[in-house]
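The chain is numbered in sequence order, starting from 1. None of these values were measured; they are calculated from a predicted model. Each ligand, and each atom within it, is numbered from 1 in the order the structure gives.
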Amino acid sequence: MSEQLNPEVIMETFSAQKVKIAVADGDGIGPEIMDATLRILEAAGANIEAEHIQIGEKVYLSGNSSGIPTEAWEVINRNKIMLKAPITTPQGKGYKSLNVTLRKSLNLYANIRPCRSLHPFVQTMHPDMDVVIVRENEEDLYAGIEHQQTHEVVQCLKLISIPGSERIIREAFEYAVANDRQKVTCMVKDNIMKLTDGVFHEIFNRIGAEYPQIEQEVQIIDIGAARLATRPDRYDVVVTLNLYGDIISDITAELTGSVGMAGSSNIGKNYAMFEAIHGSAPDIAGKGIANPSGLLNAAVMMLQHIGDIEVAQKISNAWLCTLEDGVHTGDIFNPEFSTKRVNTAEFADAVIERLGKLPQKLKPVHFVAAERHAFSDLFDPLAAPVEYGDKELVGVDIFLDRNNRDPKSLGDALRNIKGTGLQLKMITNRGVKVYPDGNPETFCTDHWRCRYIAEDIDLSAGVIYKEVAKETIIRQLSVLLEQGFDVVKTENLYHFGDKRGFSLGQGE
Ligand code: NAD
């Protein structure tokens, strides 16, 4: 945490100075829930001063494809803390997701999403759930690197870094320790993605060994998500990759009663952004009926983060009182549990009326100290990189665009090209081996991955990779181009010491 964000420093200057925060009112239901939230913060005496910025749909539609103007960056960079209502990314090509841009530009590597049941006051099938999803926030398929390579095939690169994985996994364990949590579950799909998800799993095991007091488990994401949906009470802290985390945190929020209930913090070393987990809900925008709880809970996390503990606690307890009194917005209204259906503004009024009261049936919250959300100052993942041995180039995957769907004719033609220093080992189509000895049933598109290895390896002796030079690959590409093949992409094949740095083709 930087000195500007150090809660102790902020606490000392509390009486003198308000903490300035950038506030984005957002799109759709954004302005309605932001207005309700800011009214509650003001009535509770939060020690903040809002500086409003305009980002999102209007900015996109004015021709700024990033959705964020320079003036808004200036306010964010000055204040370093942001409360953000959901924004709408316009449909269509060319608009970059502003949420992803903010998270990545500001190095907000951790997305913390607590989801707790408020049974019996908010209807849920899972009365005992209290789960925190710790979602990696910058990498994975959300790197947004996509390409159309042939008429039939588009790709999205899934990038997982070792320092990024170390940082989020340590964050999850430190969060568990600091918040008296008992267990951390890692969710991955490394039965299929052995390299990307495999690295995350491997790092979880390695870092987990430093926290023997915390129970640990690893689950495949599909069964993990299914069990989260049916038995969320068996989970405590869940750490996972960006896409899986996005999906399972919506599931867990919805399980608590409504996606409108959960707030989240996006945390980095020097910046922090707080937002509801839901989107701009265009279907109910302008009606004044949205539940402001998600954004309010995000604001409470923000107050804890800046050290305004008492106010955070006062708001949380008033919110719990409101819910246990049965004052509910439409999304959580249920005649069995609710006494009054209210709109967004009325809900805010009800929370304001209850400021200073404690819930009678739900457990009151008691924040003892500023809740730490960012732990990256405790370690530097780049300081002790894992050694994977020497990097050795042992081949190349050359991707071709070819309309003719006969793998044998392609394979035979490629094998006839000799003397380049490389030989064709196999061809796959959408990852499945189709040459040599493919199954005629395999459906083929116009996108072919041709794996080349050193020419003097005896293929009949099994797979033995050996070093090749980059110049050899360039020679191979030149020959292919001369012969009229449409090369759309290459991927070098590396070994790192004993470790193979690429996956085998299915059926290889
Ligand atoms: P959404 O979360 O906006 O809505 C899903 C459903 O939940 C809708 O039926 C909506 O009415 C309901 N809902 C959401 N929040 C609610 C609340 N506070 N109270 C009551 N009901 C609520 O998801 P979506 O429809 O897929 O996305 C709409 C837009 O939001 C898209 O443009 C998307 O890109 C954007 N989005 C933004 C963010 C963000 O800014 N962080 C996150 C997700 C989606």
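The atoms of ligand 1 that sit less than 4.0 Å from any heavy atom of N99 are 37 (C), 38 (C), 39 (C), 40 (O), 41 (N). Heavy-atom proximity to D331, at under 4.0 Å, picks out these atoms of ligand 1: 19 (N), 20 (C). For ligand 1, the atoms closer than 4.0 angstrom to any heavy atom of V259 are 7 (O), 13 (N), 14 (C). Ligand 1 places these atoms under 4.0 Å from at least one heavy atom of K84: 39 (C), 40 (O), 41 (N). Ligand-side atoms of ligand 1 in range of G260: 17 (C), 18 (N), range being under 4.0 angstrom from any heavy atom. Distances below 4.0 Å separate heavy atoms of E275 from the following atoms of ligand 1: 41 (N).
Taking a distance limit of 4.0 Å, we find that atom 26 (O) of ligand 1 is approached by no protein heavy atom. Protein heavy atoms come within 4.0 Å of atom 10 (C) of ligand 1.
Counting heavy atoms closer than 4.0 Å to ligand 1, residue D283 contributes side-chain atoms (C-beta onward) but none from N, CA, C or O. Contacts between I289 and ligand 1, counted as non-hydrogen atom pairs separated by less than 4.0 Å, are absent for every part of the residue. For P282, every heavy-atom contact with ligand 1 shorter than 4.0 Å involves the side chain, none the backbone. Residue contacts with ligand 1, taken as heavy atom pairs separated by less than 4.0 Å, involve I284 solely via side-chain atoms from C-beta onward.
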Margin query: If you apply the rule salt bridge (Lys or Arg N to Asp or Glu O under 4.0 Å), what do you find for D325 with K340, and how did you get there?
Written below: CA-CA 9 Å; D325 285 349; K340 192 172 176 195; over 6 Å; no
Checklist line | Pair N79-I21, side chain to side chain contact (heavy atoms under 4.5 Å, CB included): steps then yes or no | finding: CA-CA 5 Å; N79 295 334; I21 54 164; 5.5 Å; no
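Ion pairing between a basic and an acidic side chain is recognised when a charged N comes within 4.0 Å of a carboxylate O; R103 and E138 show no such pairing. Using a cut-off of 4.0 Å between Lys/Arg side-chain N and Asp/Glu carboxylate O, R116 and D128 are scored as not salt-bridged. Ion pair K189/D197 not flagged as a salt bridge, since none of the NZ, NE, NH1 or NH2 atoms sits closer than 4.0 Å to an Asp/Glu carboxylate oxygen.
Counting only distance, with no hydrogens or angles, the side chain of T329 and the backbone of A290 share no donor-acceptor pair below 3.5 Å.
A pairwise comparison of heavy atoms in A22 and V75 identifies CB-CG1, 3.9 Å as the closest pair.
Checked against a 3.5 angstrom limit, the closest N/O atoms of A290 and ligand 1 fall outside it. Distances between N or O atoms of I87 and those of ligand 1 include at least one value under 3.5 Å.
Put simply, the side chain of V23 reaches to within 4.5 Å of the side chain of M34, judged on heavy atoms. Between I332 and F121 the shortest side-chain heavy-atom distance does not fall below 4.5 Å. Side-chain atoms of C115 and M129, non-hydrogen and from C-beta on, do get closer than 4.5 Å to each other.
The closest non-hydrogen atom to atom 29 (C) of ligand 1, taken over G26, A285, S280, comes from S280. When the options G279, G294, S293 are ranked by their closest heavy atom to atom 1 (P) of ligand 1, first place goes to G279.
In this structure, atom 19 (N) of ligand 1 lies nearest to the protein heavy atom N291 N, 3.0 Å. Among protein heavy atoms, atom 4 (O) of ligand 1 sits closest to A281 CA, 4.2 Å.
Ring pair H447/F399 is tilted by interplanar angle, where 30° to 60° counts as tilted.
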